[in-house]
Amino acid sequence: MVYNPQKIERKWQRVWEEAGIFKTSDKIKGKKNFYHLVMFPYPSGDLHIGHWYNFAPADVYARFKRMQGFNVMSPIGFDAFGLPAENAAIKHGIHPKTWTYKNIERMRKQLKSMGTIYDWQREIITCDPDYYKWTQWLFLQFYKAGLAYRAKVPANWCPSCKTILANEQVIEGKCERCDSDVLQKEIEQWLFKITDYAEKLLKDLDKLDWPERTKTMQKNWIGKSEGYEIKFSSIPVFTTRLDTIFGCTYLVLAPENPIIEKLKNKITNYQEVKRYIEKSKKKTERERLSEAKEKTGVEIKGVKAINPANGEKIPIWMADYVLIGYGTGAIMAVPDRDERDMEFAKKYNLPIKKTRLVDSKKIAKKVKGKKITNYKLRDWVISRQRYWGVPIPMVKCQKCGWVPVREKDLPVLLPTLKDFRPTGKGKSPLAKSKKFVQTKCPKCKELAERETDTMDTFVCSSWYYLRYTDPKNKKKFADPKKLKAWLPVDMYIGGAEHTVMHLLYARFFTKALQKLGILDFSEPFLRLRHQGIILGPDGQKMSKSRGNVIDPDIQVKKYGADAVRMYLCFMGPYDQGGPWQPRGIVGIARFLDKIFNFQFSIFNDQNSKLKKLLHRTIKKVTEDIENFRFNTAISALMILVNEMQKQKGLEPEVRPTLLKLLAPFAPHFAEELWSSFAKASEDKHFDIKNSVHNQKWPKYNPKLIKEEMITLIIQVNGKVRAKTETEAGISKEKAKELALSCEKVRKWTEGKKIKKIIFVPDKLINIVI
RNA sequence: GCGGACGUGGUGAAAUUGGGAAACACUUAGGAUUUAGGAUCCUAUGCCGAAAGGUUUGUGGGUUCGAGUCCCACCGUCCGCACCA
């Protein structure tokens with residue numbers, strides 16, 4: 001018999017699908033529900049090896065949990081709205097919708113070839129009206145609760161994508177998607193009040209089983225700091241170091257600070273001030289960042305502020321190193337204590353004064369300071385001036401102002417536009433469709449206009465994990481009973497790049513919906529694990545131009561899906577990723593081949609070495625999968641198989657147990673051998689109910705993993721000089737005797753005085769001379 | 001600059017609480033089998049050495065009977081934040 005993975009895999013995928021063995025029901029008697037979730041993919045066109053690395057080891061975990069007796073739900077869907085679909089569609093001259101659904105079709109096929117346990121009946125696609133109807137509904141709930149509001153705020157404008165971006169989507173002053181320099185622009189926008197939840201988002205991190213670095217990054221992003229707000233004359237200032245107030249020698253305002261406009265009449269150099277304001281407005285975010293080393297500023301002449309601590313008159317300056325969006329947009333400068341203030345003071349010859357530290361609380365009382373907590377987190381701008389997204393369900397009426405669309409009129413359908421390209425004028429292409437724009441006011445029924453901006457895609461992905469529990473519900477976004485049955489998510493797996501975007505937004509949504517009484521839990525994802533990034537064989541990021549892309553389809557053709565799954569698990573720690581080694585997968589292929597062609601005979605020996613190894617392997621594989629150490633789990637299986645080969649016969653339980661342990665990693669392979677094994681041993685037709693995947697995960701016998709014989713390490717002065725086999729539980733005295741009788745040891749100890757003996761039971765003895 | 005993670009053979013990597021460094025693979029070499037190639041099996045494979053033995057976890061120091069693991073300094077890589085007062 002030759003191991004032919006392609007044939008086997010196709011066969012079993014068909015059998016499983018027909019039998020529906022991976023369909024999930026909301027309740028199974030005697031089983032606990034386990035919600036296992038992978039971050040849903042963006043329908044980019046082809047499944048690349050990175051997707052496989054996300055989904056395959058995750059599927060190993062899901063299958064493992066399933067065999068452990070949990071009722072596992074592992075759903076999949078597509079995060080289908082967003083800029084890339086539009087950009088690709090523009091490039092290829094097709095409609096984003098056509099492009100998206102074509103890609104989904106293709107990716108579905110590829111996903112199925114992986115042999116995952118996804119329940120396809122729960123599939124969701126965020127650009128389906130059946131889905132985004134509820135995205136709009138949730139927006140309306142937020143609006144009613146005051147969590148969605150409209151405001152003219154300075155926001156990040158990407159001139160290439162021609163839309164506003166959230167702070168989280170600007171990386172080093174550049175657009176997260178296209179790398180263009182981002183400009184500051186003031187437009188009226190819809191925002192979500194995520195800042196209301198800053199404290200809760202920060203505090204609740206403590207109760208999550210998430211990677212530490214991810215929690216730290218969220219903490220830093222939220223950026224809490226406590227301090228005081230005090231007034232210098234009429235100018236409020238925020239400081240965390242009120243104790244340094246006696247060293248304050250001048251004030252600095254942000255150029256955008258509205259106080260400057262109010263002081264206009266008193267300012268003697270207003271022209272100069274205005275020029276500076278205009279200049280800093282024109283700078284891109286990145287220019288401001290790159291100029292960070294060289295500070296600039298202008299004195300606001302004609303006005304002075306008074307330091308409330310000592311009554312001193314001090315000058316007021318304006319500089320763009322002070323940010324309008326943080327604190328009060330004004331600082332008290334203490335050059336003696338603050339490097340930045342010192343640099344500025346030196347450049348412009350401002351006074352520098354040695355400060356004496358005082359008690360913050362006392363001085364706060366004296367200067368009437370208010371205790372204030374500030375966060376770096378800003379409200380989430382969700383308006384996008386682009387076509388391929390969820391229409392914001394709001395109507396602007398001349399008489400009534402902004403009015404929400406009535407719930408029964410949802411969804412507000414995204415019109416099919418021929419020209420869907422962004423306009424660049426600060427309005428979405430939807431504004432070009434009269435049919436879409438013209439509507440009646442839901443309140444007064446007069447003619448009115450629809451909002452034409454669409455929502456940030458991250459809104460769609462902030463709640464998709466809720467919809468999976470009840471994806472076809474037409475009356476509710478999800479049935480409360482079903483939500484209760486599954487949520488919160490027990491295990492969430494995906495890339496670390498979503499740390500301050502998706503993962504933060506989803507947490508905010510959950511908290512907001514809890515407050516609205518829609519959900520009864522406060523955190524969506526209890527446990528989180530990240531996968532690393534797979535690099536090309538050359539150790540570089542995979543890219544078409546470098547020609548180092550590994551196509552999973554080709555690997556599957558060559559070695560089979562099971563080998564690809566297993567190799568991805570075997571290559572190293574899951575969160576580390578690393579280069580794909582073309583030769584590496586060969587080792588896995590050989591391993592599977594070896595098992596497939598294994599010739600064996602059965603015999604009984606309750607205490608055989610192999611049986612003990614088997615139970616140790618069960619223990620190791622179980623613990624390793626639970627801890628996402630797939631690589632060492634596989635190496636343990638390899639050790640077992642190597643030992644099996646050395647033995648002349650097998651204990652009856654060895655083979656079936658090995659197949660169970662292999663089942664999560666190589667599901668088709670294990671099923672094939674399991675079925676032929678079942679047929680042979682029971683001489684009846686294999687029944688899918690007895691599938692290896694419906695077997696109970698093996699348990700180890702604690703008695704069998706206890707060692708009776710150990711290898712005692714004998715050290716002299718901490719150096720290994722000998723090893724000896726001896727029975728477990730040997731006493732210190734006996735061990736000493738044994739050690740000193742060793743010829744190799746005597747060579748080192750002869751004629752020397754023993755100072756000390758260190759004995760570690762069942763492990764080692766160290767003779768110090 | 002600040003914060004975090006990390007640094008182990010030719011390669012991917014292992015290594016409970018400080019206790020055998022390099023498990024498991026890949027690669028390479030030699031051998032068996034084979035018409036040949038491939039596949040498979042056996043042996044070897046950190047470095048120096050014929051061997052005995054010595055030596056090895058980025059560098060330097062420290063704690064300890066004993067350090068890849070703990071502490072200090074430095075070098076390097078990666079990630080995140082980036083004037084947040």
Side-chain angles (χ1 to χ4, degrees), chain A residues 2 171-173 211-221 223-225 227 237-242 244 248 252 254 285 288-293 295 319-323 325-334 337-341 343-344 374-378 496-497 499-500 532-533 537 539 567 570-573 575-576 578-591 593-594 597 623 629 631-642 645 711-723 747 755-769:
Chain A
V2 182
I171 316 287
E172 285 178 34
E212 244 0 271
R213 66 187 158 121
T214 305
K215 292 206 248 182
T216 308
M217 273 168 65
Q218 283 211 359
K219 258 178 214 164
N220 292 341
W221 187 260
K224 180 179 180 171
S225 55
V237 157
F238 174 72
T239 178
T240 54
R241 294 298 304 272
L242 189 57
T244 64
C248 169
V252 191
E285 183 81 2
R288 261 174 100 149
L289 289 177
S290 63
E291 285 167 10
K293 281 164 206 148
K295 293 187 186 2
D320 62 7
Y321 82 88
V322 176
L323 308 171
Y326 188 77
T328 61
I331 61 156
M332 60 173 215
V334 184
R337 286 277 152 178
D338 189 292
E339 246 179 83
R340 295 157 302 179
D341 296 342
E343 192 195 322
F344 194 74
N374 263 318
Y375 301 90
K376 288 191 209 172
L377 186 70
R378 309 290 151 77
E497 68 276 14
T499 298
V500 290
I533 296 167
Y567 174 58
F570 185 62
M571 38 188 295
D575 58 359
Q576 185 182 302
W580 174 277
Q581 295 200 298
R583 296 297 304 171
I585 192 168
V586 171
I588 296 289
R590 279 180 196 155
F591 172 68
D593 225 40
K594 202 191 281 184
N597 295 308
E623 288 169 359
R629 290 195 296 249
N631 54 334
T632 47
I634 291 173
S635 90
L637 288 168
M638 285 172 167
I639 292 169
L640 176 69
V641 171
N642 288 347
Q645 257 185 332
T711 310
L712 185 73
I713 306 302
I714 304 168
Q715 296 183 334
V716 179
N717 280 353
K719 282 202 170 140
V720 180
R721 295 300 178 191
K723 304 166 191 183
K747 206 172 124 187
K755 283 187 198 153
K756 205 175 180 182
I757 301 251
I758 309 280
F759 178 64
V760 183
D762 287 349
K763 198 100 208 178
L764 123 175
I765 182 160
N766 185 12
I767 300 158
V768 186
I769 52 170

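On a predicted model such as this, the values are computed, not experimentally measured, just so you know. In what follows, chains carry the letters A, B, and so on, assigned in the order in which the sequence lines appear, proteins first and then strands, with residues in each chain numbered from 1.
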Under 3.5 Å donor-acceptor, [X] side chain and [Y] backbone:
{"X": "Asn374(A)", "Y": "Ser225(A)", "value": "no"}
{"X": "Asp338(A)", "Y": "Val334(A)", "value": "no"}
{"X": "Tyr567(A)", "Y": "Gln581(A)", "value": "yes"}

Exercise. Under 3.5 Å, is there a donor-acceptor pair linking the side chains of Lys594(A) and Asn642(A)?
Worked result: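 Looking only at side-chain atoms, Asn642(A) and Lys594(A) do form a donor-acceptor pair, the distance falling under 3.5 Å.
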What is the distance, to the nearest angstrom, from the [atom1] atom on [X] to the [atom2] atom on [N]?
{"X": "Gln645(A)", "N": "rU40(B)", "atom1": "CD", "atom2": "C1'", "value": "10 Å"}
{"X": "Asn642(A)", "N": "rC42(B)", "atom1": "CG", "atom2": "C1'", "value": "13 Å"}
{"X": "Gln581(A)", "N": "rG12(B)", "atom1": "CD", "atom2": "C1'", "value": "4 Å"}
{"X": "Ile713(A)", "N": "rG20(B)", "atom1": "CD1", "atom2": "C1'", "value": "4 Å"}
{"X": "Asp593(A)", "N": "rC26(B)", "atom1": "CG", "atom2": "P", "value": "13 Å"}
{"X": "Ile331(A)", "N": "rA85(B)", "atom1": "CD1", "atom2": "P", "value": "11 Å"}
{"X": "Lys755(A)", "N": "rC65(B)", "atom1": "NZ", "atom2": "P", "value": "10 Å"}
{"X": "Arg629(A)", "N": "rA23(B)", "atom1": "CZ", "atom2": "C1'", "value": "14 Å"}

For this session: Can you run through RNA chain B from 5' to 3' and write each base as (, ), [, ], | or . depending on how it pairs? Watson-Crick or G-U wobble, both distances under 3.5 Å.
Result: (((((((..(((......[....))).(((((.......))))).(((....)))..(((((..]....))))))))))))....
Over all strands shown, is [X] touching base, sugar-phosphate only, or nothing at heavy-atom distances under 4.0 angstrom?
{"X": "Glu212(A)", "result": "nothing"}
{"X": "Lys376(A)", "result": "base"}
{"X": "Asn766(A)", "result": "base"}
{"X": "Ile639(A)", "result": "sugar-phosphate"}
{"X": "Pro579(A)", "result": "nothing"}
{"X": "Tyr375(A)", "result": "nothing"}
{"X": "Arg721(A)", "result": "sugar-phosphate"}
{"X": "Asn374(A)", "result": "nothing"}
{"X": "Asn631(A)", "result": "sugar-phosphate"}
{"X": "Lys719(A)", "result": "sugar-phosphate"}

To the side chain of [X], which of [options] is closest?
{"X": "Arg583(A)", "options": "rC65(B), rC26(B), rU11(B)", "value": "rC26(B)"}
{"X": "Pro573(A)", "options": "rG3(B), rA14(B), rG12(B)", "value": "rA14(B)"}
{"X": "Val720(A)", "options": "rG19(B), rG20(B), rA85(B)", "value": "rG20(B)"}
{"X": "Tyr326(A)", "options": "rA85(B), rG19(B), rC24(B)", "value": "rA85(B)"}
{"X": "Trp221(A)", "options": "rG19(B), rC81(B), rG4(B)", "value": "rC81(B)"}
{"X": "Lys763(A)", "options": "rA23(B), rC81(B), rG19(B)", "value": "rG19(B)"}
{"X": "Gln715(A)", "options": "rG19(B), rU11(B), rA85(B)", "value": "rG19(B)"}
{"X": "Lys723(A)", "options": "rA25(B), rC81(B), rG20(B)", "value": "rG20(B)"}
{"X": "Met217(A)", "options": "rG12(B), rG80(B), rC65(B)", "value": "rG80(B)"}
{"X": "Val760(A)", "options": "rA85(B), rG19(B), rC24(B)", "value": "rG19(B)"}

Separation between the [atom1] atoms of [N] and [M], rounded to whole Å:
{"N": "rG66(B)", "M": "rC2(B)", "atom1": "C1'", "value": "38 Å"}
{"N": "rC47(B)", "M": "rA29(B)", "atom1": "P", "value": "15 Å"}
{"N": "rC83(B)", "M": "rC74(B)", "atom1": "C1'", "value": "29 Å"}
{"N": "rU40(B)", "M": "rU27(B)", "atom1": "P", "value": "10 Å"}
{"N": "rC24(B)", "M": "rU59(B)", "atom1": "P", "value": "26 Å"}
{"N": "rC71(B)", "M": "rA23(B)", "atom1": "C1'", "value": "29 Å"}
{"N": "rC78(B)", "M": "rU63(B)", "atom1": "P", "value": "35 Å"}
{"N": "rA13(B)", "M": "rC26(B)", "atom1": "C1'", "value": "10 Å"}

Look at the side-chain N and O atoms of [X] and state whether any lies under 4.0 Å from the OP1 or OP2 oxygen of [N].
{"X": "Arg590(A)", "N": "rU27(B)", "result": "yes"}
{"X": "Thr632(A)", "N": "rC24(B)", "result": "no"}
{"X": "Gln576(A)", "N": "rA13(B)", "result": "yes"}
{"X": "Asn220(A)", "N": "rA82(B)", "result": "no"}

Exercise. Does a sphere of radius 6.0 Å around CD1 in Ile757(A) hold more than 12 heavy atoms from other residues, nucleotides or ligands, not counting ones at 6.0 Å or beyond?
Worked result: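 Yes, CD1 of Ile757(A) has more than 12 neighbouring heavy atoms, counting only those of other groups under 6.0 Å.
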Exercise. So, do Ile588(A) and Met638(A) sit near enough that their side-chain heavy atoms are less than 4.5 Å apart?
Worked result: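 Yes. Closest side-chain heavy atoms under 4.5 Å.
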Exercise. Rounded to the nearest 0.5 Å, how far apart are NZ of Lys723(A) and CG of Leu712(A)?
Worked result: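 That separation rounds to 12.0 Å.
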For this session: Calculate, to the nearest 0.5 Å, the distance between atoms OG1 and CZ belonging to Thr244(A) and Arg337(A) respectively.
Result: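 With rounding to 0.5 Å, OG1 (Thr244(A)) is 7.5 Å from CZ (Arg337(A)).
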For this session: Going by the side chain to side chain contact (heavy atoms under 4.5 Å, CB included) test, name the single residue among Val720(A), Ile767(A), Ile765(A) that passes it with Gln715(A).
Result: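 Between Gln715(A) and the candidates, side chain to side chain contact (heavy atoms under 4.5 Å, CB included) is satisfied uniquely by Val720(A).
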For this session: Starting from the C-alpha separation in whole Å, work towards a yes-or-no answer on side chain to side chain contact (heavy atoms under 4.5 Å, CB included) for Glu497(A) and Ile533(A).
Result: CA-CA 10 Å; Glu497(A) 68 276 14; Ile533(A) 296 167; 5.8 Å; no
Exercise. If you pin Phe591(A) and Ile758(A) to their nearest nucleotides in RNA chain B, which one's is more 5'?
Worked result: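 The residue mapped nearer the 5' terminus is Phe591(A).
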Problem set entry | 5' priority, RNA chain B, between Ala330(A) and Met571(A) [closest heavy atom] |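 Mapping each residue to its closest nucleotide by heavy atoms, the 5'-most match is Met571(A).
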For this session: Record whether the side chain of Lys295(A) comes under 3.5 Å of the base of rC83(B) through a donor-acceptor pair of N or O atoms.
Result: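 A donor-acceptor contact between them is present.
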Exercise. Given the rule in the side chain to side chain contact (heavy atoms under 4.5 Å, CB included) test, do Ile585(A) and Trp580(A) qualify, once you have shown the distances and angles that lead to the verdict?
Worked result: CA-CA 9 Å; Ile585(A) 192 168; Trp580(A) 174 277; 4.1 Å; yes
Exercise. So, is rG30(B) syn or anti if syn means the angle is within 90° of 0?
Worked result: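 Classified anti.
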